[in-house]
Colleague: 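Dropping a structure here in structure tokens format, bear with me for questions.
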Amino acid sequence: MNCAICETPLKNDLFAAVTGEPVCSICKINYIGGLPTTPERIQSACDTLGLKDGEFLSQDNAAEAARILGMKL
């Protein structure tokens, strides 16, 4: 199974593996926040990002995690 926003394999994301969320930790922080993850919130995030059906966000999750944590990669 992959992240519903960026298509990162969820088995590679500790947060998603532990919580069973349909999004990876980076997408949860950046696009869902502390709210419960619902299909409507995922769709809203995709709409905001301008993603069409079948399209996914392209991002470097390691670099994004370093940025969020204020660290250099």
Side-chain angles (χ1 to χ4, degrees):
M1 190 161 188
N2 295 332
C3 175
I5 297 174
C6 73
E7 207 174 34
T8 295
L10 294 178
K11 66 181 174 72
N12 297 343
D13 188 89
L14 180 61
F15 169 79
V18 171
T19 63
E21 290 273 349
V23 295
C24 69
S25 56
I26 300 301
C27 289
K28 177 71 173 179
I29 290 168
N30 286 340
Y31 308 114
I32 307 295
L35 301 170
T37 305
T38 63
E40 294 79 17
R41 288 196 175 101
I42 292 170
Q43 186 60 51
S44 177
C46 290
D47 292 344
T48 300
L49 292 166
L51 301 173
K52 296 179 181 140
D53 286 340
E55 288 185 331
F56 297 94
L57 179 66
S58 178
Q59 66 184 355
D60 180 343
N61 279 5
E64 187 62 17
R67 185 193 68 76
I68 290 168
L69 296 172
M71 305 171 75
K72 290 187 178 187
L73 192 61

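Here, residue 1 is the first one in the sequence, and each next residue gets the next number. All heavy atoms count here, side chains included; hydrogens, waters and symmetry mates do not.
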Colleague: Any side-chain hydrogen bond (donor to acceptor under 3.5 Å, both in side chains) pairs touching residues 46-58, not counting sequence neighbours?
Modeller: Q43-D47
Colleague: Going by the salt bridge (Lys or Arg N to Asp or Glu O under 4.0 Å) test, which pairs reach into residues 29-38, not counting sequence neighbours?
Modeller: none
Colleague: Residues sharing I68's hydrophobic cluster, by side-chain heavy-atom contacts under 4.5 Å among ILVMFWY, directly or via others?
Modeller: I26, I29
Colleague: Rounded to the nearest 0.5 Å, what's the gap from OG on S25 to CD1 on I32? Could you check?
Modeller: 12.5 Å
Colleague: Checking N30 now: which residues fulfil side-chain hydrogen bond (donor to acceptor under 3.5 Å, both in side chains) with it, not counting sequence neighbours?
Modeller: E64
Colleague: Can you sort out the partners of T19 under side chain to side chain contact (heavy atoms under 4.5 Å, CB included), two or more places apart, ordered by chain and number?
Modeller: F15, E21
Colleague: Could you go through the side-chain contact (heavy atoms from CB on, under 4.5 Å) check for L57 and Y31 one step at a time?
Modeller: CA-CA 11 Å; L57 179 66; Y31 308 114; 3.3 Å; yes
Colleague: Could you check whether any side-chain N or O of K28 sits under 3.5 Å from a backbone N or O of L35, counting only pairs where one atom can act as donor and the other as acceptor?
Modeller: yes
Colleague: Could you tell me if the side chain of D13 sits less than 4.5 Å from the side chain of C3, heavy atoms only?
Modeller: no
Colleague: Please report, to 0.1 Å, the donor-acceptor pairs under 3.5 Å made by any side chain of residues 5-12, with sequence neighbours excluded.
Modeller:
residue: T8; atom: OG1; partner: N61; partner atom: ND2; Å: 3.0

Colleague: According to the salt bridge (Lys or Arg N to Asp or Glu O under 4.0 Å) rule, which pairs have a member within residues 34-45, sequence neighbours left out?
Modeller: none
